K.L.:
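Following this message is one structure expressed as structure tokens.
If you're wondering where the values come from, they're calculated on a predicted model, not measured in any experiment.
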Amino acid sequence: MAIECRPLSFALGAEILGLDLHFPISDSDWESVHQAFLQYGVLLIRGQSISREQHIAFSRRFGDLDEHKSLPMDRNATFPELLMVTNDQKPDGSPSNSRYTGQMWHSDMSFTLAPALGSLLRAVEVPPVGGDTLFANMYVAYDALSERMKQMIEGLNGIHHSERKNSGLSTSWEKENQRLNPPVAQPVVRVHPETGRKALYIGEKVKCFEGMTPEESKPLIDFLVGHATRPHFVYRHSWQPKDLLIWDNRCTAHLALGDYDPRYRRHLERTTVLGTPSGHIAEIGAAA
Ligand SMILES: O=C(O)CCC(=O)C(=O)O
């Protein structure tokens, strides 16, 4: 059966119909999926009650997978390619450290020297309502800037931190996270290696621009994040169990809203496709 592609919003995203990921995907189907991935930035494949092995096998079509060495505290003990995004308590009864994953606008692994190419997030169990995820199209956000603003930000580097928004994570998690992930400077404008288009690469994990103080940087960071995440540029995903959502981190940013009743289980698992090396460890001096 030929696969079909149905746009999810004006800004970005498409649902792919006619794929069953229990089976390896043919080369011609892969070609269609890859083209849709480049065109829409976010792909949704519903109704996939696949195993962890099948999730990993399909993800490998996109490229080499991250083994999440920068987040060992959150990865699955048996499958290092799987990052847990869950509010399940830990075996000792303490709260999960990944329950707040993604609650700031970000692009995956921007705080590392190998920021993610793509991510494939599979919903195992989700609350009956809420727990939505927002995606912004960073190409159109870039294109919509004035020429003067484009000139101003060309050559700027944003310093990306790995912290999570909500406090209340265990101190050992926070310490390990800081030890493994020193801040990394990344270009604010990146050229997508496959499409050749420019996209904004900014989010709430950027605390300042390299060579500028946080006070000097903040107004421009706030403007760029606010601009890029205007409703016009955004798709809001309401999860169903067995959804597989795939996004291109090189031209989109996303935010887990956390808009749900925490008495319900929310358990998702993510593979992360390694991107090309980018950025450098930031020199944190007086002006950073
Ligand atoms: O939980 C979500 O909805 C998104 C999680 C997230 O931001 C991520 O995996 O990068």
Side-chain angles (χ1 to χ4, degrees), residues 1-9 11-68 75-76 78-86 101-102 107-109 114-126 132-133 135 137-139 192-197 199 235-254 256 267-276:
M1 185 170 101
I3 68 172
E4 198 191 319
C5 203
R6 197 180 285 164
L8 289 166
S9 77
L12 76 167
E15 181 173 358
I16 301 283
L17 299 139
L19 260 192
D20 181 350
L21 299 179
H22 287 99
F23 306 102
I25 153 173
S26 69
D27 287 344
S28 67
D29 279 351
W30 164 250
E31 195 43 46
S32 308
V33 170
H34 185 233
Q35 280 313 315
F37 176 69
L38 295 180
Q39 181 176 348
Y40 293 103
V42 175
L43 299 180
L44 167 64
I45 311 177
R46 291 211 129 121
Q48 302 296 316
S49 54
I50 51 174
S51 65
R52 286 176 166 161
E53 287 87 348
Q54 286 162 335
H55 179 177
I56 291 170
F58 177 61
S59 303
R60 288 218 161 97
R61 293 302 301 246
F62 289 82
D64 291 335
L65 300 187
D66 195 331
E67 295 205 339
H68 303 114
R75 66 185 172 182
N76 181 272
T78 313
F79 298 95
E81 303 91 340
L82 288 175
L83 198 73
M84 302 290 110
V85 180
T86 187
T101 299
S107 172
D108 290 333
M109 303 307 201
L117 178 159
S119 301
L120 293 90
L121 187 62
R122 180 170 58 93
V124 177
E125 199 169 332
V126 288
D132 294 356
T133 311
F135 290 86
N137 184 331
M138 302 303 265
Y139 288 138
H192 192 292
E194 293 186 82
T195 64
R197 288 182 69 182
Y235 162 64
R236 178 174 182 151
H237 185 64
S238 293
W239 290 93
Q240 293 177 13
K242 303 181 191 165
D243 279 356
L244 180 70
L245 206 63
I246 308 166
W247 59 88
D248 187 338
N249 283 290
R250 303 163 297 180
C251 58
T252 65
H254 61 283
H267 180 95
L268 302 98
E269 301 190 0
R270 187 185 98 196
T271 52
T272 313
V273 185
L274 284 169
T276 43

K.L.:
Quick one: are D108 and W247 in side-chain contact, heavy atoms under 4.5 Å?
P.N.:
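A side-chain contact exists here, since the closest heavy-atom pair is under 4.5 Å.
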K.L.:
Using the side-chain contact (heavy atoms from CB on, under 4.5 Å) criterion, which residues pair with T272? Sequence neighbours excluded.
P.N.:
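T272: side-chain contact (heavy atoms from CB on, under 4.5 Å) contacts with D66, H68, M109, A116, S119, R270.
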K.L.:
For the residue pair Q35 and S32, confirm or rule out a side-chain donor-acceptor distance under 3.5 Å.
P.N.:
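No pair is found: no donor N or O on one side chain lies under 3.5 Å from an acceptor on the other.
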K.L.:
Among L121, L82, L83, which residue meets the side chain to side chain contact (heavy atoms under 4.5 Å, CB included) test with T271?
P.N.:
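In the set L121, L82, L83, the residue that makes a side chain to side chain contact (heavy atoms under 4.5 Å, CB included) with T271 is L82.
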K.L.:
Scan for salt bridge (Lys or Arg N to Asp or Glu O under 4.0 Å) pairs involving residues 37-52, sequence neighbours excluded, and state none if there are none.
P.N.:
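Non-adjacent pairs meeting salt bridge (Lys or Arg N to Asp or Glu O under 4.0 Å): R46-D243, R52-E269.
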K.L.:
Determine the interplanar angle of the F58 and F62 rings, folded into 0 to 90°, and report it as parallel if under 30°, tilted if 30 to 60°, perpendicular if over 60°.
P.N.:
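Rings of F58 and F62: perpendicular, over 60°.
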K.L.:
How far apart are the C-alpha atoms of Y40 and C5, what are their side-chain angles, what is the distance that settles it, and do they pass the side-chain contact (heavy atoms from CB on, under 4.5 Å) test?
P.N.:
CA-CA 10 Å; Y40 293 103; C5 203; 3.6 Å; yes
K.L.:
Give a yes or no on whether D64 atom CG has more than 12 heavy-atom contacts from other residues, nucleotides or ligands under 6.0 Å away.
P.N.:
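It does not: D64 CG has 12 such atoms or fewer within range.
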K.L.:
Between H267 and M84, is the side-chain contact (heavy atoms from CB on, under 4.5 Å) condition met? List the steps.
P.N.:
CA-CA 8 Å; H267 180 95; M84 302 290 110; 4.0 Å; yes
K.L.:
Can you find a pair of side-chain heavy atoms, one from R61 and one from D27, that are under 4.5 Å apart?
P.N.:
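Sidechains of D27 and R61: in contact.
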K.L.:
Kindly compute the distance separating CZ (F135) from CG (L12), expressed to the nearest 0.5 Å.
P.N.:
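With rounding to 0.5 Å, CZ (F135) is 8.0 Å from CG (L12).
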K.L.:
Report the C-alpha distance between V273 and L65 in whole Å, list the side-chain angles of each, state the deciding distance to 0.1 Å, and finish with yes or no for side-chain contact (heavy atoms from CB on, under 4.5 Å).
P.N.:
CA-CA 5 Å; V273 185; L65 300 187; 4.0 Å; yes
K.L.:
Would you find a donor on one side and an acceptor on the other, under 3.5 Å apart, between the side chain of Q48 and the backbone of H55?
P.N.:
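The answer is no, because no donor-acceptor pair under 3.5 Å joins these two groups.
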K.L.:
Please name all residues satisfying salt bridge (Lys or Arg N to Asp or Glu O under 4.0 Å) with E31, sequence neighbours left out, ordered by chain then number.
P.N.:
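Once residues adjacent in sequence are excluded, E31 has no partner under the salt bridge (Lys or Arg N to Asp or Glu O under 4.0 Å) criterion.
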K.L.:
Counting C-beta onward and ignoring hydrogens, is there a side-chain heavy-atom pair between E194 and H34 closer than 4.5 Å?
P.N.:
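Yes, side chains in contact.
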K.L.:
Mind checking whether L117 and R250 have side chains closer than 4.5 Å, heavy atoms only?
P.N.:
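The answer is yes, as the side chains (C-beta and beyond) meet within the 4.5 Å cut-off.
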K.L.:
Would you check, one step at a time, whether the test side-chain contact (heavy atoms from CB on, under 4.5 Å) holds for Y235 with T252?
P.N.:
CA-CA 10 Å; Y235 162 64; T252 65; over 6 Å; no
K.L.:
Nearest 0.5 angstrom please: L244 CG to L268 CG, how far?
P.N.:
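Between L244 CG and L268 CG, I get 10.5 Å after rounding to 0.5 Å.
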K.L.:
Could you tell me whether the side chain of N249 reaches within less than 4.5 Å of the side chain of H254, counting heavy atoms only?
P.N.:
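SC-SC contact between H254 and N249 confirmed.
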K.L.:
Between R122 and I50, what is the shortest heavy-atom contact and its length?
P.N.:
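What the structure gives for the nearest pair is NH1-O, 3.3 Å.
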K.L.:
May I ask you to decide if the ring planes of H192 and Y139 are parallel, tilted or perpendicular, using 30° and 60° as cut-offs?
P.N.:
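Judged by the thresholds at 30° and 60°, the geometry between H192 and Y139 is tilted.
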K.L.:
Is a side-chain donor or acceptor of Q54 paired with a backbone partner of H22 at a separation under 3.5 angstrom?
P.N.:
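Yes, Q54 side chain to H22 backbone: donor-acceptor pair under 3.5 Å.
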K.L.:
What distance separates F37 CZ from L43 CG, expressed to the nearest 0.5 Å?
P.N.:
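Taking CZ in F37 and CG in L43, the distance rounds to 7.0 Å.
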K.L.:
Check T276 against P115 and note the closest heavy-atom contact, atom names and distance.
P.N.:
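Heavy-atom minimum between the residues: O-CD, 3.9 Å.
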K.L.:
Determine whether a donor-acceptor pair (N or O, by modelled atom type, separation under 3.5 Å) exists between the side chain of R75 and the backbone of E67.
P.N.:
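The answer is yes, because a donor-acceptor pair under 3.5 Å joins these two groups.
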